[in-house]
2 protein chains.
Amino acid sequence: MKIKVGIVEDTKDIREGLAMLIDASEGFSCTHSFPTAEDAIKTLPADPPDVVLMDINLPGMQGPECVKILKLLCPHTQFLMCTVYEEDEHIFESLKSGANGYVLKKTAPDKLLEAIADIFQGGSPMTGGIARKVIASLQPSAQTKPAELSLREFEILESLAKGYRYKEIADKLFISIDTVRSHIRNIYEKLQVHSRTEALNKVFPK
Amino acid sequence: MKIKVGIVEDTKDIREGLAMLIDASEGFSCTHSFPTAEDAIKTLPADPPDVVLMDINLPGMQGPECVKILKLLCPHTQFLMCTVYEEDEHIFESLKSGANGYVLKKTAPDKLLEAIADIFQGGSPMTGGIARKVIASLQPSAQTKPAELSLREFEILESLAKGYRYKEIADKLFISIDTVRSHIRNIYEKLQVHSRTEALNKVFPK
DNA sequence: TTTCAAACCGCATGAAAATGCGAATGAATT
DNA sequence: AATTCATTCGCATTTTCATGCGGTTTGAAA
């Protein structure tokens, strides 16, 4: 008994690529594929698939909106959102709309199939980064916690906030630029970010 | 019950003079005195005083920085900045760092004790000149400089603020990465800055 | 109609930042 | 004694950014 998969994705190449991948894989069958949300809503309820791969950015109606509607018409279908970036707004919008998983388009084929199988069996596949964001959103007091950072790290973060370059920070603190790099590497690790701006937004929110 | 006072002041004569004055006065007790911010941070949290007299110009870490950090470690301690001149930058920097009062070093002894008592009881002692500057800074008239940026440029700036990479901005706005570069180049030119962080600090001051 | 600003695109280059993989010290804890 | 952690430093690689230069199109203002 194969897992019936539907696809909603506006880019033709991606849509057909996914369909081929799914059909070529043991235990999976692509029963539908649509370029727009409207098409999916028109056709899907007549023969609901087990899982729908839903793109977020669609022409016309967006993915999350589409999921909200399809959830009502196909209550037993699982929805796996599929997008290029981990955009916070869309993640939560989608999950609130009734999606149960969230994968990136750059996901490797075998990982994608794993995710489809996972969601079909009641799991909620998502990348580590997304999972973290979801969990973080549940923390009531996930506000600024400089306690996580050491004194030295906080000092360096403040220099970063002022827009200093690494070399300038090094000179100001009388340490080498490599040490500055080290600290910043550790700061990013602790804050779970990957750039100066992200770090600042996390520690000094508006 | 005496008011416990800590002192952070690099000039030995002043520091010891203040300590003597405080200890000799009814109702006050000088429990700590340090020549540097680093020393204060190391020792104070173990036994936080009620009020800290903090010099602005210190060797190594500056007073306002020190207050920012100590505020986190000693949340119930009040900080009274102490300096020679009424320097605008330092005043606001200090107040934003969490200081609650601001006195000049030339303040007469009895007035200084008054200020300490005042800040301990929840007041915010400061000279008339400083008070006027603080109030002036709250007037919206002097603030809010009009962004001479175009709509599109502002849009891109907002994405920059969220920490998006150029490629991400390009995809989100359906334009090429080179166009994003162009806009940012123009934004930097208009704002007279040379990096993302500088631009953000200029347009979205904290 | 000319002019101009805004929005768009491309290419190229050097600088800066992010990241990976170390490693040594000293202080504090277990 | 062993372990953890902050702090310091180095080097190499990859990615992203900043910037300079060139351009087109469009629509509004002069």
Side-chain angles (χ1 to χ4, degrees), chain A residues 84-86 104 106 127-129 145-203, chain B residues 36-39 41-43 45-46 60-61 65 69 72-73 146-203:
Chain A
V84 181
Y85 304 112
E86 297 186 358
L104 297 179
K106 67 181 176 190
T127 69
K145 30 183 170 180
E148 305 281 346
L149 298 181
S150 73
L151 179 62
R152 196 57 156 176
E153 287 168 343
F154 191 77
E155 243 182 308
I156 286 176
L157 191 60
E158 294 201 305
S159 289
L160 283 181
K162 290 179 184 163
Y164 291 135
R165 285 181 262 111
Y166 291 0
K167 182 74 178 72
E168 296 178 307
I169 298 174
D171 290 349
K172 203 159 67 87
L173 299 181
F174 304 106
I175 56 180
S176 92
I177 192 172
D178 284 305
T179 303
V180 175
R181 287 202 185 96
S182 260
H183 285 306
I184 291 173
R185 199 186 304 126
N186 293 332
I187 291 170
Y188 288 178
E189 169 66 23
K190 285 183 179 177
L191 298 179
Q192 287 295 306
V193 298
H194 308 281
S195 74
R196 179 189 293 230
T197 310
E198 279 185 88
L200 297 181
N201 283 339
K202 201 139 196 170
V203 179
Chain B
T36 72
E38 287 80 1
D39 290 330
I41 292 171
K42 231 176 287 178
T43 309
M61 187 188 297
E65 291 287 321
I69 293 166
L72 298 170
L73 303 172
E148 55 282 316
L149 297 179
S150 72
L151 185 63
R152 196 57 158 176
E153 287 168 342
F154 192 77
E155 221 179 332
I156 286 176
L157 193 61
E158 290 191 314
S159 289
L160 282 182
K162 290 181 184 162
Y164 290 135
R165 284 181 261 109
Y166 291 1
K167 182 70 177 72
E168 295 176 310
I169 297 175
D171 289 351
K172 206 159 67 85
L173 299 181
F174 303 106
I175 57 181
S176 90
I177 191 172
D178 285 304
T179 301
V180 175
R181 286 202 185 96
S182 268
H183 285 306
I184 291 174
R185 199 184 305 127
N186 294 332
I187 292 170
Y188 287 176
E189 170 65 25
K190 287 183 178 177
L191 298 179
Q192 287 292 301
V193 297
H194 305 282
S195 75
R196 178 191 292 229
T197 310
E198 280 185 89
L200 297 181
N201 284 339
K202 201 140 193 169
V203 179

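The shown structure was predicted, so the numbers you read here are calculated from the model rather than taken from an experiment. Every chain is numbered from 1, with letters handed out A, B, ... down the list of sequences.
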_Atom-pair distance (CD on B/Glu198; P on D/dA18), nearest Å_ = 10 Å
*Interatomic distance, B/Lys167 NZ vs D/dA18 C1' [rounded to whole Å]*: 19 Å
_Atom pair distance, as rounded to whole Å: CZ in B/Phe154 and C1' in C/dA6_ = 17 Å
_Would you say that A/His194 contacts A/Tyr188 through its side chain, given a criterion of any heavy-atom pair below 4.5 Å between the two side chains?_
no
_Is B/Lys190 close enough to C/dA5 that one of its side-chain N or O atoms is under 4.0 Å from OP1 or OP2 there?_
no
*For the residue pair A/Lys190 and A/Glu153, establish whether any side-chain heavy-atom pair is separated by less than 4.5 Å.*
yes
*Report yes if at least one side-chain N or O of B/Ser176 is closer than 4.0 Å to OP1 or OP2 of C/dC8; otherwise report no.*
no
_Expressed as a whole number of angstroms, how long is the span from A/Leu157:CG to D/dT7:P?_
13 Å
*Whole angstrom is fine here: how far is it from CD1 in A/Ile175 over to P in D/dA6?*
15 Å
*Enumerate the residues from residues 177-188 of chain B whose closest heavy atom to DNA chain D is under 4.0 Å, giving them by residue number; use none for an empty result.*
B/Arg181, B/Arg185, B/Tyr188
*Checking A/Glu168 side chain against A/Arg165 main chain: does a donor-acceptor pair fall under 3.5 Å?*
yes
*N or O in side chain of A/Arg152 less than 4.0 angstrom from D/dT7 OP1/OP2*: no
*The side chain of A/Ser150 lies closest to which of these nucleotides: D/dT19, C/dA18, D/dA6?*
D/dA6
_Atom-to-atom span, OH of B/Tyr164 to P of D/dT16 - whole angstrom_ = 16 Å
*Would you kindly give the CZ-to-P distance between A/Phe174 and D/dT7, to the nearest whole Å?*
17 Å
*asked:* Test your reading of the model: is there a side-chain donor-acceptor pair from A/Thr179 to the backbone of A/Ile175, 3.5 Å cut-off?
replied: no
*asked:* For A/Leu160, is there any backbone N or O sitting under 3.5 Å from a side-chain donor or acceptor partner on A/Arg196?
replied: yes
_Any non-hydrogen side-chain atom of B/Asp39 less than 4.5 Å from a side-chain atom of B/Thr43?_
no
*Calculate the interatomic distance between B/Glu189 atom CD and C/dA5 atom P; express it in whole Å.*
13 Å
*Please check if atom CZ in B/Arg152 has more than 12 non-hydrogen atoms from other residues, nucleotides or ligands closer than 6.0 Å.*
yes
